[in-house]
Each structure stands twice: as structure tokens, then as C-alpha cells.
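One structure below.
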Protein chains: 2
Amino acid sequence: MKFSAQEEYGLRCLIQIGLKGSATIPEISRDEGLSEHHTAKLLSILRKERFLNSMRGHIGGYRLARAPEKIVVGEVLAALGGRLYDEEFCERHSGLLSTCAHSGSCAVKNLWSEVQAAVDHVVSHITLADLIENAQKEAELYKPRNGNLLSIPVASGT
Amino acid sequence: MKFSAQEEYGLRCLIQIGLKGSATIPEISRDEGLSEHHTAKLLSILRKERFLNSMRGHIGGYRLARAPEKIVVGEVLAALGGRLYDEEFCERHSGLLSTCAHSGSCAVKNLWSEVQAAVDHVVSHITLADLIENAQKEAELYKPRNGNLLSIPVASGT
DNA sequence: GACATTCATGACATAATCGTCATGATTCTT
DNA sequence: AAGAATCATGACGATTATGTCATGAATGTC
């Protein structure tokens, strides 16, 4: 059971755009350490799946197609990497038997459904807004302050 | 996010052996609609991972290495298809950046961990015994009775 | 309208997964 | 000892996922 590379990178790009409000391919590419072409392909998918809007030209770039609170992570993952278990699953894995030996329902199918449900329960309650918030907090933690790389906490009265 | 073919077929083979007590490659092959070679490879993996014992020769075949109650489905899946999220994950997916831009912890990493935890919670509480029991019940439902393929329920007073 | 900047897309190369195949080793029966 | 049944394993080809590349199309600036 694995995440696909597309899920990992695609989701990261989406977070990055959420953080910045809007961004271009070269920007995202730099931020995430991916090639521009690769980034372009990922963003293209996310656009086709209606998570992003794009604009060409000088002031172009990508932005979220809707508020991050409205973007459910589960849907993003499904768009990028498909679902763990779906209707086609049994057809793809029926082996040589035309009617899968475990027709209708089978022991394994039930298991897969349970796992899928558990995953869904997590990812359908998390939105892009949550991930963005999370990322912002961590940016805080790791960001050097006062231009000082050692970032000694300075009881700052800002 | 996908199950691998190896997870699907491997687990099925294991269930099949659990159902029968012991079985040979040709048997499992027939039951599951896989080629004998393919079956052999899957069983070989399960043997190396200590879920099965094998015996060669005339009365040979495979049997479970321990009671099905002691075989945790989560461990079987991990052996067949790896884990969803592990330590190496971030190294594999750090892009071109030597230190992943989201060093230490990152928004996505937290998400993956949560999903992994949810999956673990399910599969670490299910044992092979559960799947076998499940399979037995379904075999009951779908099995033709009295040798009659139409299997009309015959208010049988057996 | 020429140009720079940006997104769009399909073809290709590479790598990983999946399944097949040929061959060999072990065990039991006769 | 010969033969039959069984497991063992590494090499290969096919398929799929991944990432690169070349080229094209849109948009704004001068």
C-alpha cells in the first residue's frame, strides 16, 4: 500500500500555492525542488481537476480555484492518485477467472472497504486550509529571525 | 494511494491455505485463477516472511506457520506491499533539494502519518482468522447445495 | 506588432512493478 | 535407483508509473 509520487508532489504544490496566494511554475519549481516541466504537469492535472485556476501571460500564474477551506484533501488525493478501493478493483484483480472466484463479495473485498473507510474518515475531514495553517506554523519555527541563522529566541516585544 | 497486486493476491493465497489447512501450488493456482509460477512466487515471499511453512515432495505443500489468530493482517500487508509511510519516504521524495525544503517535519508528512495511523488501527486488529471465518461464511452462502447448481433453498432437514 | 513571460500538451526515455518462463533441488513411492 | 510430485529461484519480457523534453498557444508590455 503506497502513496504515488503524484499524490505527494501534487499536494505539496497545492499547499505552496495556498501559502503564497498565487504562484508561477518557476516559483513552485524552485520551492519544491522539482523541474519546471514536472511542476507544469502536476499543476496541469490539478487545474483539470478544478482545484486550480490558471492565467497565462506576464502577470499569469496559478491560484486556488476556491477557498482552501472548501478544498477537501481526500478529493485532492483521489484526483491525483485514485482511490484505494473502487468498483473496478475486483475486475482488475480477478485473475484468470471470468467470474472472480469470490463473486459478489469476498473476504478481501470487505477488508479493503474497511481500510478505505478508515482512510476516508481522516482525509475527508482535513482541508487544504488545515495543511496551509500547519505549513505556516512550521515556517515560523524554522525561519531564521532577525537575519540571525542561529535564531536565538529574543523575548521579542514586537 | 493504491494496494499493490502482490498484496491482493498474496493475501488471498494465504486465506486459501488457511481455509484448507494445507495446499499445494497447483491447488492454490486453480482456486485463485493465477498461473502456477505466479502463485509459486507469491507463496515463496510469504514463506520467507515467515507466514508459511513449506514441504517438498509427494506429500508436500504449504501450511500456515502459526495459528491464524496469531497472524496479523497488517503485518502480512506490510510484508507484501510495504508500509504507506516510513522513514525512507521523505528521502525518496525530497526532489532536488538535498535537505527537503520541509525539513524535520512538514505539513504533508503529518498528514501521511495520520493516514498511516488510521490504516494501522484497522489492519492491526484484524487477523487471518477473521478473514478465514469471513470466507467460510461466504462459501456457505454461495455454495450449491445437494449438488444442485440452482441451489433452491430446500428447507433442508439435514 | 514584436517580444518576453507565462501556461499547455503530447511524445519520449527511464525506472518500477508485474507476471512468465526455464531450470534446478528436495522428498516420497515403488 | 528411477520416477513422480512438489517447492525454489533467478532471468526475462510486458506493462505501468514517472519524469524529461520539445514545441505550441495565450497574455501583457513596449
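Chain A is the first sequence line, chain B the second, and so forth, proteins listed ahead of strands; every chain is numbered from 1. The basis for the numbers below is simple: all heavy atoms, side chains too, and nothing from hydrogens, waters or symmetry mates.
Where B/Ala23 and A/Gly57 meet DNA chain D, the nucleotide closest to each residue was compared, and B/Ala23 sits on the side nearer the 5' end. Comparing B/Thr24 and B/Lys41 by the nucleotide of DNA chain D whose heavy atom lies nearest to each, the residue mapping closer to the 5' end is B/Thr24.
Atom pair A/Lys48:NZ and C/dC7:P shows a separation of 15 Å (rounding to whole Å applied). For the pair B/Glu32 CD and C/dG19 C1', the interatomic distance rounds to 16 Å; values are reported in whole Å. Atom-to-atom, NE2 of A/His38 to P of C/dT9 comes out at 17 Å; the value is rounded to the nearest Å. Rounded to whole Å, the distance from CD1 on B/Ile25 to P on C/dT20 is 14 Å. Following rounding to the nearest Å, A/His58 (NE2) and C/dT5 (C1') show an atom-to-atom distance of 5 Å. For B/His37 and D/dA14, the NE2 to P distance is 17 Å, given to the nearest whole Å. As rounded to whole Å, 13 Å separates atom C1' of C/dC21 from atom CD of B/Glu36. Atom pair B/Arg12:CZ and C/dC18:C1' shows a separation of 16 Å (rounding to whole Å applied).
The closest donor-acceptor contact from the side chain of B/Gln6 to the backbone of B/Leu80 lies under 3.5 Å. Looking at A/Glu8, its side chain never comes within 3.5 Å of a backbone N or O of A/Ala5 through a donor-acceptor pair. Here the side chain of B/Lys2 pairs no donor or acceptor atom with the backbone of A/Phe3 at under 3.5 angstrom. For the pair B/Gln116 (side chain) and B/Tyr85 (backbone), a donor-acceptor distance under 3.5 Å is present.
Here B/Tyr9 does not reach the OP1 or OP2 of C/dT17: none of its side-chain N or O atoms lies under 4.0 Å away. For the pair B/Ser35 and C/dT20, the criterion of a side-chain N or O lying under 4.0 Å from OP1 or OP2 is met. The shortest distance between the side-chain N/O atoms of B/Ser44 and the OP1/OP2 oxygens of D/dC7 is not below 4.0 Å. Contact annotation: A/Arg47 side-chain N/O to C/dA8 OP1/OP2 distance is under 4.0 Å.
The listed nucleotides are C/dC7, D/dA8, C/dG19; the one nearest the side chain of B/Arg56 is D/dA8. Which of D/dC7, C/dC7, D/dT18 sits closest to the side chain of A/Ser54 comes down to C/dC7.
Rounded to the nearest 0.5 Å, atoms OG1 (A/Thr39) and CD1 (A/Ile28) are 7.5 Å apart.
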